[in-house]
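Structure record follows, encoded as structure tokens.
What you see below is based on every heavy atom in this structure, not just the backbone, and it leaves out hydrogens, waters and symmetry mates.
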Amino acid sequence: MNMRNLQTPISDDDLAGLSVGDKITISGTIYTGRDAALPQLVELIERDEVPFDLNGTAIMHTAFSDAGIAPTTSSKVEIESTIAPLSESGVKVHIGKGMLGDDTLNALNNNNSIFVITPPVAALLTSKVLKKKCVLFENEGMEAMFELEVDEIPGIIAIKDGKRI
């Protein structure tokens, strides 16, 4: 099976025809966030103070350091609890690892968003980062939110249309 490349911003049409188990790559601008940053981002959404457009974006559940990036466990309460409000705000792709609960599966389905797992191979993923810039919560250090320009981050669709791997 060929890999399909999704280019941000991602539309509902871009996700049409994709299924659980499909192999994809993601290129363009993505954002990073995990335990410290994502709950703060949801607070900014609630106050309508997000300084960039979330519509059609992808968020990788990771910190970013000079050592690189690798997904963290998405089922941590601090991360999983943000997936529904982020999807409602236009985030189309959540990239991480681990098993998500039924409520999150339903929220992804209701917002036509997907969950993508990617191999936890820091060297491979880091080689796909073209540029990085801290955009929010700089005081959180490597757990701050970064904007990355990436070229073909690989992944496998783990949740789509209310189904999971």
Side-chain angles (χ1 to χ4, degrees), residues 6 8-10 24-111 113-159 164:
L6 297 177
T8 62
I10 298 164
I24 63 165
T25 59
I26 300 168
S27 297
T29 301
I30 69 169
Y31 294 92
T32 66
R34 53 176 284 170
D35 314 42
L38 292 178
Q40 292 180 75
L41 179 60
V42 169
E43 289 175 13
L44 290 180
I45 290 168
E46 291 168 354
R47 296 193 310 260
D48 198 26
E49 295 178 0
V50 178
F52 46 86
D53 188 5
L54 287 171
N55 198 36
T57 59
I59 292 182
M60 179 180 271
H61 304 152
T62 187
F64 196 101
S65 72
D66 291 337
I69 60 172
T72 193
T73 303
S74 302
S75 60
K76 294 180 197 173
V77 171
E78 299 86 355
I79 296 174
E80 187 166 0
S81 66
T82 69
I83 292 174
L86 290 171
S87 295
E88 290 166 12
S89 296
V91 175
K92 287 294 174 192
V93 179
H94 302 267
I95 307 165
K97 67 178 185 179
M99 180 67 80
L100 299 178
D102 291 341
D103 289 343
T104 304
L105 180 138
N106 291 332
L108 289 165
N109 186 42
N110 292 340
N111 294 293
S113 295
I114 62 175
F115 178 61
V116 173
I117 55 174
T118 188
V121 183
L124 168 66
L125 298 178
T126 304
S127 74
K128 303 294 185 177
V129 176
L130 305 175
K131 292 187 334 190
K132 71 173 181 169
K133 173 174 76 172
C134 184
V135 292
L136 287 172
F137 320 121
E138 189 172 357
N139 61 313
E140 298 292 353
M142 70 180 202
E143 285 203 28
M145 189 160 212
F146 286 85
E147 177 182 279
L148 306 178
E149 290 298 319
V150 300
D151 184 39
E152 298 187 347
I153 291 278
I156 299 169
I157 298 175
I159 296 177
R164 68 175 92 222

Rounded to the nearest 0.5 Å, what separates atom [atom1] in [X] from atom [atom2] in [Y]?
X: Leu100; Y: Ser75; atom1: CG; atom2: OG; result: 6.5 Å
X: Leu108; Y: Asp103; atom1: CG; atom2: CG; result: 11.0 Å
X: Ile114; Y: Asn109; atom1: CD1; atom2: CG; result: 12.5 Å
X: Ile159; Y: Leu105; atom1: CD1; atom2: CG; result: 5.0 Å
X: Thr73; Y: Met99; atom1: OG1; atom2: CE; result: 12.5 Å
X: Leu6; Y: Glu152; atom1: CG; atom2: CD; result: 11.0 Å

Query raised in the report: Given the rule in the side chain to side chain contact (heavy atoms under 4.5 Å, CB included) test, do Val91 and Thr57 qualify, once you have shown the distances and angles that lead to the verdict?
Result: CA-CA 5 Å; Val91 175; Thr57 59; 3.5 Å; yes

Query raised in the report: So, are Asp102 and Arg164 salt-bridged, with charged N and O less than 4.0 Å apart?
Result: yes

Requested in this report: Start with the C-alpha distance between Thr29 and Glu149, add both sets of side-chain angles, then the distance that settles side chain to side chain donor-acceptor pair (under 3.5 Å), and finish with yes or no.
Outcome: CA-CA 5 Å; Thr29 301; Glu149 290 298 319; 2.4 Å; yes

Which pair of non-hydrogen atoms, one from [X] and one from [Y], has the smallest distance, and what is that distance?
X: Ala37; Y: Glu143; value: CB-O, 3.4 Å
X: Val135; Y: Phe146; value: CG2-C, 4.1 Å
X: Pro39; Y: Thr82; value: N-CG2, 3.7 Å
X: Ala84; Y: Asn111; value: O-ND2, 4.3 Å
X: Ser74; Y: His61; value: OG-ND1, 2.6 Å
X: Ile45; Y: Leu54; value: CD1-CD1, 3.6 Å

Report summary line: From the list Ile79, Thr32, Ile83, side-chain contact (heavy atoms from CB on, under 4.5 Å) partner of Leu38 resolves to Ile79

Query raised in the report: Is the Tyr31 ring parallel, tilted or perpendicular to the Phe52 ring (thresholds 30°, 60°)?
Result: parallel

Indicate yes or no: at least one non-hydrogen side-chain atom of [X] is less than 4.5 angstrom from one of [Y].
X: Lys76; Y: Arg34; answer: yes
X: Phe64; Y: Met142; answer: no
X: Ile69; Y: Leu125; answer: yes
X: Ile24; Y: Ile157; answer: yes
X: Ile95; Y: Ile59; answer: no
X: Gln40; Y: Glu140; answer: yes
X: Val93; Y: Met60; answer: no
X: Ile156; Y: Val116; answer: no

Requested in this report: Count the heavy atoms of every other residue, nucleotide or ligand shown that sit under 6.0 Å from CD of Glu138, and state whether that count exceeds 12.
Outcome: no

Query raised in the report: Going by atom types only, do Glu80 and Thr104 share a side-chain donor-acceptor pair under 3.5 Å?
Result: yes

Query raised in the report: Could you go step by step and tell me if Met145 and Leu41 meet the side chain to side chain contact (heavy atoms under 4.5 Å, CB included) rule?
Result: CA-CA 9 Å; Met145 189 160 212; Leu41 179 60; 3.3 Å; yes

**Report entry** Qualifying ring-ring contact (aromatic ring centres under 6.0 Å, His included) pairs with a residue from residues 82-107, counting only residues at least two apart or across chains
**Finding:**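 Pairs touching residues 82-107 that pass the test: none.
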
Report task. Just jot down the salt bridge (Lys or Arg N to Asp or Glu O under 4.0 Å) partners of Asp48, sequence neighbours excluded, or say none. Result ->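 For Asp48, no residue satisfies salt bridge (Lys or Arg N to Asp or Glu O under 4.0 Å) once neighbours in sequence are set aside.
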
